[in-house]
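All of these numbers come straight from a predicted model, not from anything done at the bench.
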Amino acid sequence: MKKILTCVILLCASLSYCEELRWAADTESGAPNVFYDENHVLCGFEKEIIEEICEELGRTAIFCQNDWDWLIPGLNRGLYDVIIDGLSSDESPSGIIPFSIPYYVCQLSLVIRDDDTGIRSISDCENKRVGTLRSSKASSMLEALPGVSIAEYPTEYAAFSDLKNNRIDAVLIDYPAALYCGLSLGGLKIIENLSKIQYSVAINPNQAKLVGPINEALLKMIKSGRLQSIIDRWNIDNEAFQAYITSTKHAAYNTFVAQHPAHGLMKYVKLLPIFTRAAITTFIISISGMIVAVILGLSLVLLRMYAPRWIGHIVILVVEIVRGTPLLIQLFFIFYGLPCIGITLKPVIAGIAALGINYASYEAENFRAGLLAVPTGQTEAARALGMTQWQSLRYVILPQAFSFVLPPLTNDFIAIIKDSSLVSLVTIVELTKAYTTAANSSFDFFGTGILVAIFYFMLGFPFVQLARVAENHLALEKKAYRAKRIGKK
């Protein structure tokens, strides 16, 4: 009996230990928060902190990628349990999202060019253009300063790149970003540290019971020195602002400096498996979306042309509404809006549905043009032979219309491959997301951009060639058919 009881206890303990904790971040934010290194290994001081928390809670950490602007909506939707990505309670809806105690505290840093002698503090930024991250505490602080022109950016790299290229005069941003992204570019310096900002773990409101255990785990990490060890290793301790590249104990930071930006072709070779996986995702979403678009578009045009007139009017209205609204809005509506009425789709299904529905409106017009291009005598001849309307459509009209529709279908397939980049905004890691993640990790947008462009070209070019072969085959069939008719005459 004791052995059975022991086994039950061990089994329950193992099941409890294997419970997952889904945590979200945007790897595009870059180092040192959460990012992929040159070997495409997920790392960052916040990733280490959440793993320590999970170890304390007896859970397995499961990473979920999402775009920064959609981290909070994704949390509310229940896509993951917590967010740990440099998020402050000051930047989120008060009282709606529960937060843990702070796991990191830093200051906002004012960064300028080395050769700039006109700015010595934030008070000198009047009539200057200052960059920062959108929807951040720094942005709110700049809005309160008179005479400051604000430039908001989606990523740290974009802001510092503009600063270095003299497009803006300064950048106000969190100290870790200023240290890792700003100073690593060279030619920039931190001149002032301002308002304090606290990073906390944002928790799913439906998982509010996690607040207590996460706080306890953080307190244990603080007491044991493990949290301080992580902060020291990444060289982001506020008491050592001037020691960002000197101390040997900052192993993670020194490794980052040594690797970024990386040199040689090897870094591109290491990206090939990453981009290959992302390209497969892009291909699956694109081909699936195009299949949905063709089937739905053909159904719509047949209803418009052959169904009762009132149905045709409804089809026209639907097509115009879909064509007249942006694909991005449709994607957000399907992914984030439909759950409000009880329809929750997985990210891949939502992406395929959005692309398929959007392109179906265009394919409906392509098929309508193809059907109208078939001479009316073909329909009359088919009906004279005793065919029903469906038989004449299937065996006579549609095969001929397809030859007219094939070129625009090919163009639309190339377009849908490129538009599939939008699905990265609903937690899907496809080619464009893989590119921005890799480029922000290495600060190399040029070479990485060429590589991802090659992948996109390789996805579309084979289908262009297949379409040409099909067009040539159809042209030869038409030519043979005409020759046969002339011979009979």
Next item on the list: Tell me, with the steps shown, if Y362 and V322 meet side-chain contact (heavy atoms from CB on, under 4.5 Å).
Entry: CA-CA 9 Å; Y362 299 100; V322 174; over 6 Å; no
Check: Could you walk me through whether L218 and I214 pass the side-chain contact (heavy atoms from CB on, under 4.5 Å) check?
Finding: CA-CA 6 Å; L218 286 170; I214 289 177; 4.2 Å; yes
Item checked: Nearest heavy atoms of I334 and P339, plus distance in Å -> O-CD, 4.1 Å
Check: Within the side chain of N39, is there an N or O that forms a donor-acceptor pair under 3.5 Å with the backbone of V41?
Finding: no
Item checked: L79 and F335: CA distance, side-chain angles, deciding distance, side-chain contact (heavy atoms from CB on, under 4.5 Å) verdict -> CA-CA 11 Å; L79 296 179; F335 189 69; 3.8 Å; yes
Item checked: Side-chain donor/acceptor of S288 to backbone N/O of I285, under 3.5 Å -> no
Note to self: If the test is side chain to side chain contact (heavy atoms under 4.5 Å, CB included), which one of I314, V315, I321 qualifies with L317?
What the structure shows: I321
Check: Sequence neighbours excluded, which residues qualify as ring pair (Phe, Tyr, Trp, His ring centres under 6.0 Å) partners of F333?
Finding: none
Checklist line | Considering all heavy atoms, the nearest F160-A178 contact | finding: CZ-CA, 3.8 Å
Item checked: Residues that E52 engages under salt bridge (Lys or Arg N to Asp or Glu O under 4.0 Å), provided they are two or more places apart -> R226
Note to self: With side chain to side chain donor-acceptor pair (under 3.5 Å) as the rule and sequence neighbours excluded, what pairs involving residues 293-302 come up?
What the structure shows: none
Checklist line | Listed partners of F413 passing ring pair (Phe, Tyr, Trp, His ring centres under 6.0 Å), at least two apart | finding: F463
Next item on the list: Search all heavy atoms of A159 against all heavy atoms of Y153 and return the closest pair with its distance.
Entry: CB-CD1, 3.5 Å
Note to self: Run the salt bridge (Lys or Arg N to Asp or Glu O under 4.0 Å) test against D81 and tell me which residues pass, sequence neighbours left out.
What the structure shows: R22
Check: Parallel under 30°, tilted from 30 to 60°, perpendicular over 60°: which one fits the rings of W234 and Y180?
Finding: tilted
Item checked: Residue pairs, two or more places apart or on separate chains, that pass salt bridge (charged side-chain N to carboxylate O under 4.0 Å, His left out) and touch residues 320-339 -> E320-R323
Checklist line | Results of salt bridge (Lys or Arg N to Asp or Glu O under 4.0 Å) for K47 - residues two or more places apart only | finding: E51
Check: Do Q65 and T27 have side-chain atoms, one donor and one acceptor, less than 3.5 Å apart?
Finding: yes
Margin query: Strictly by salt bridge (charged side-chain N to carboxylate O under 4.0 Å, His left out), give each pair with a member in residues 278-306 just once, sequence neighbours left out.
Written below: R304-E365
Checklist line | Pairing residues for Y306 by the side chain to side chain contact (heavy atoms under 4.5 Å, CB included) criterion, not counting sequence neighbours | finding: L302, Q389, L393
Next item on the list: Enumerate the residue pairs fulfilling side chain to side chain donor-acceptor pair (under 3.5 Å) with a member in residues 327-349, sequence neighbours excluded, ordered by first and then second residue.
Entry: T325-Q330, Q330-N358
Next item on the list: Name all residues meeting the salt bridge (Lys or Arg N to Asp or Glu O under 4.0 Å) criterion together with D26; count only those two or more places apart in sequence or in a different chain, and write none if there are none.
Entry: K433
Next item on the list: Flag the pair F63 / Y80 as yes when their ring centroid distance falls below 6.0 Å, and as no otherwise.
Entry: no
Note to self: How long is the straight-line distance from CZ of F99 back to CG of N215, given to the nearest 0.5 Å?
What the structure shows: 12.5 Å
Checklist line | Distance-minimising heavy-atom pair for P176 and I236 | finding: CB-CG2, 4.1 Å
Item checked: Heavy-atom closest pair, residues A24 and D85 -> O-CB, 4.5 Å
Margin query: So which atom in V319 and which in L300 form the shortest heavy-atom distance, rounded to 0.1 Å?
Written below: CG2-CD1, 4.2 Å
Notebook entry, point to check: With sequence neighbours excluded, what pairs up with R277 under the side chain to side chain donor-acceptor pair (under 3.5 Å) test?
Noted result: none
Check: What do the steps show when you test M305 against L372 for side-chain contact (heavy atoms from CB on, under 4.5 Å), and what is the final call?
Finding: CA-CA 10 Å; M305 297 181 68; L372 292 176; 3.8 Å; yes
Item checked: Gap between atom CZ of R309 and atom CD1 of I316 - 0.5 Å precision -> 10.0 Å
Notebook entry, point to check: Would F45 and Y104 satisfy ring-ring contact (aromatic ring centres under 6.0 Å, His included), going step by step from the backbone distance to the final call?
Noted result: CA-CA 10 Å; F45 83 96; Y104 178 65; 5.3 Å; yes
